[in-house]
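Below is one structure, written out as structure tokens; comments come after it.
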Amino acid sequence: MSAPHRRPALIILVAVSAVVCLALGYWQWTRFESSNGTAQNLGYALQWPLFAGFAVWSYFRFVRLESEADTEAATPAKVKRTKAAAPREIPAGILPERPKAARDTDPELAEYNKYLADLHAHDVAEQLRAAGMRPDTERSAG
């Protein structure tokens, strides 16, 4: 069990990222105030401090969730409060049924498909002969 306040690398990362975001916000503000500044620079100047705030907020949220997990692990199993379990599967009947593939029961269509397969096999054999290969030998990809 590790104490959240003993994570200097994470604290340094959050502090550095917040400072960098604030510095980028200041830089965009100075660009906005310059003679060639645009509204886009103003938008970025307002956006970067939000990123800094998010970094700090996410760190505190991480610490709070970690401490809650530690307290739940420390409490006995009988005393643990029960949370409503999140559903792990989609209940039946919520989604529409998938359409079923039609079966080939038409003999005319089956005969036409066989004809097309024979044409393709003949084309492949002709291409192999033109390339100087024998079409009756077994081919392999490797």
Side-chain angles (χ1 to χ4, degrees), residues 1-77 80-142:
M1 189 161 71
S2 64
H5 59 278
R6 294 188 186 145
R7 296 182 179 267
L10 187 58
I11 293 171
I12 290 171
L13 175 69
V14 169
V16 166
S17 65
V19 167
V20 166
C21 287
L22 290 174
L24 286 170
Y26 177 73
W27 171 65
Q28 285 295 330
W29 183 260
T30 58
R31 294 273 303 168
F32 169 68
E33 288 182 334
S34 70
S35 61
N36 59 353
T38 63
Q40 185 176 12
N41 296 116
L42 176 63
Y44 287 144
L46 298 175
Q47 186 178 9
W48 281 110
L50 292 176
F51 291 154
F54 178 74
V56 172
W57 175 82
S58 61
Y59 171 74
F60 283 114
R61 175 82 173 144
F62 171 75
V63 168
R64 187 174 60 193
L65 288 175
E66 190 178 56
S67 66
E68 286 176 5
D70 287 345
T71 57
E72 283 182 10
T75 57
K80 283 186 181 178
R81 55 190 162 145
T82 58
K83 291 184 179 178
R88 302 265 179 202
E89 294 181 7
I90 298 174
I94 288 183
L95 298 176
E97 292 293 321
R98 290 186 176 193
K100 304 285 184 200
R103 297 286 176 193
D104 286 350
T105 55
D106 186 12
E108 202 172 298
L109 180 64
E111 183 181 339
Y112 181 66
N113 285 336
K114 184 179 180 302
Y115 171 72
L116 290 177
D118 289 341
L119 280 178
H120 176 68
H122 185 267
D123 276 349
V124 168
E126 286 297 321
Q127 289 175 358
L128 287 174
R129 277 191 212 103
M133 302 170 72
R134 291 183 3 193
D136 58 343
T137 60
E138 185 176 327
R139 295 176 291 161
S140 70

Give, for atom CG of D70 and atom CD of E66, the distance between the pair rounded to the nearest 0.5 Å.
5.5 Å
ring-ring contact (aromatic ring centres under 6.0 Å, His included) against Y26, all qualifying residues, sequence neighbours excluded:
none
Ring centroid separation for W57 and F60, is it under 6.0 angstrom?
no
Residue pair Q40, Y44: steps toward the side-chain hydrogen bond (donor to acceptor under 3.5 Å, both in side chains) verdict:
CA-CA 6 Å; Q40 185 176 12; Y44 287 144; 3.2 Å; yes
Would you compute the distance between atom CD1 of I12 and atom CZ of R7 and round it to the nearest 0.5 angstrom?
13.5 Å
Is there side-chain contact between W29 and N41, with at least one heavy-atom pair below 4.5 Å?
no
Closest heavy-atom pair, F32 versus T38, reported as atoms and distance to 0.1 Å, is CD1-O, 3.2 Å
Please enumerate all residues that pass salt bridge (charged side-chain N to carboxylate O under 4.0 Å, His left out) together with D118, with sequence neighbours excluded.
K114
Could you label the plane-to-plane angle of the Y59 and F62 rings as parallel, tilted or perpendicular, counting under 30° as parallel and over 60° as perpendicular?
tilted
Do any side-chain atoms of residues 13-25 form donor-acceptor pairs under 3.5 angstrom with protein atoms, and if so which ones, sequence neighbours left out?
residue	atom	partner	partner atom	Å
S17	OG	L13	O	3.1
S17	OG	V14	O	2.9

Distance (rounded to the nearest 0.5 Å) between R64 CZ and R61 CZ:
5.0 Å
